[in-house]
Amino acid sequence: MEKTVLYRREKNIGMIILNRPHRLNAINDTLLKDLIEQLKNAGDDEKAGSIILTGAGKSFCAGEDLKETSAGKTMEEWLSEINGLQETQSLIMKLGKPIIAAVNGYAVGGGLEFALSCDIRIAADDAKFGFPETGVGLTVTNSGTKLIAQIVGLGKAKELVLTGDIIGSKEALKIGLVNKVVPRKELMNEALRMCKKLAEKSPLSLRLTRIAIDQGLHSSFEQIMEIEAGHMMLCVASGSQKEFVAKKLRKMKK
């Protein structure tokens, strides 16, 4: 049986593909286990400088598989799912390389949380976003309440989460939920272009900067300045900046 999440690499770009298209890539226990496995594979793949997360078929991820949920879950099964969802967030934070969400179709509930966990979100013009949890008697689980508030602001975050409203890609771009909107047929090309741009940068600088931004959200100014100073010294000590400075100077001469 084919895995519900696939991983492959194209040159120096890793691609994680949610692969339950017949269920709009909705979340179940098997998908979570496969996603955790493929996130680990992506993190361990030394040849992959950046990662794209996307969904096969018509949808990125339609959130909780309500068809399976309606059949009934034990408390142990719910706890296993919650732990799996939260492990995906931890793995993405520790990935050590940029991860880009290429969002097609629905990214709702847990699917939206997967997208929010990524560093950059590129949406197709048919993408739809929202948190329908309050309408089905559930709550946001995978740090989505924190991420959405940080990205779109507290007021808009509360509106989206409390009402369960589903918004389109234009509104998502307007409120800063996504970085860019492109025609559906251009989605993967745009995500690949972003990865190629990142590939021109220092992997060490990208890794440390990613850490600093995430840690800076809940650090004091004194703490983040100390973190940044330490990161600068790591870059200098590595000696890798010399190569990138030389490359920059060559470009400036052209």
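This is a predicted model, so every value here is computed, not measured.
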Checklist entry - When you check the gap from the basic side-chain N to the acidic O, do Lys40 and Glu37 get nearer than 4.0 Å? => result no
Item to check | Under 3.5 Å: donor-acceptor pair, side chain of Asn104, backbone of Gly57 | outcome: yes
Checklist entry - Mind checking whether Phe60 and Leu53 have side chains closer than 4.5 Å, heavy atoms only? => result yes
Item to check | Residues Glu186, Lys180: salt bridge by 4.0 Å N-O rule | outcome: no
Item to check | Point-to-point distance, once rounded to the nearest 0.5 Å, from OH of Tyr7 to CG of Asp34 | outcome: 15.5 Å
Next on the checklist: Taking Ile167 as the starting point, is it possible to reach Leu147 by hopping between hydrophobic residues whose side chains are less than 4.5 Å apart?
Outcome noted: yes
Checklist entry - Do the side chains of Leu177 and Glu171 get nearer than 4.5 Å, heavy atoms only? => result no
Item to check | Check against side-chain contact (heavy atoms from CB on, under 4.5 Å), Asn179 and Met194 | outcome: CA-CA 11 Å; Asn179 299 79; Met194 181 66 74; 6.0 Å; no
Checklist entry - Is the shortest heavy-atom distance from the side chain of Ile27 to the side chain of Asp65 under 4.5 Å? => result no
Checklist entry - Got Gln89 and Met93 here, is their nearest side-chain heavy-atom distance under 4.5 Å? => result yes
Checklist entry - Counting distance only, does the side-chain N/O of Ser143 pair as donor-acceptor with the main-chain N or O of Lys146 below 3.5 Å? => result no
Checklist entry - Do Lys201 and Phe244 touch side chain to side chain, with heavy atoms closer than 4.5 Å? => result no
Checklist entry - Is any side-chain N of the basic residue among Asp29 and Lys33 closer than 4.0 Å to the acidic one's carboxylate O? => result yes
Checklist entry - Is there side-chain contact between Glu190 and Arg193, with heavy atoms separated by less than 4.5 Å? => result yes
Checklist entry - So, the side chain of Thr209 versus the backbone of Leu206: is there a donor-acceptor pair under 3.5 Å, distance only? => result no
Checklist entry - If you measure from SG on Cys118 to CD1 on Ile100, what distance do you get to the nearest 0.5 Å? => result 8.5 Å
Checklist entry - When you measure from the side chain of Asn142 to the backbone N and O of Gly144, does any donor-acceptor pair fall under 3.5 Å? => result no
Checklist entry - Yes or no on side-chain contact (heavy atoms from CB on, under 4.5 Å) for Phe129 and Leu116, after CA distance, side-chain angles and deciding distance? => result CA-CA 11 Å; Phe129 304 86; Leu116 292 173; over 6 Å; no
Checklist entry - Would a 4.5 Å heavy-atom cut-off, applied to side chains only, mark Ile151 and Arg121 as touching? => result yes
Checklist entry - Between the side chain of Asp119 and the main-chain N/O of Ile99, is any donor-acceptor distance below 3.5 Å? => result yes
Next on the checklist: Side chains of Glu81 and Thr141, heavy atoms from C-beta outward: is any pair under 4.5 Å?
Outcome noted: no
Item to check | Check: Glu133 side chain, Val161 main-chain N or O, donor-acceptor pair, under 3.5 Å | outcome: no
Next on the checklist: Checking the side chain of Thr54 only, and the main-chain atoms of Ala102 only, is there a donor and an acceptor separated by less than 3.5 Å?
Outcome noted: yes
Checklist entry - What's the spacing between Lys97 NZ and Ile13 CD1 if we round to 0.5 Å? => result 12.0 Å
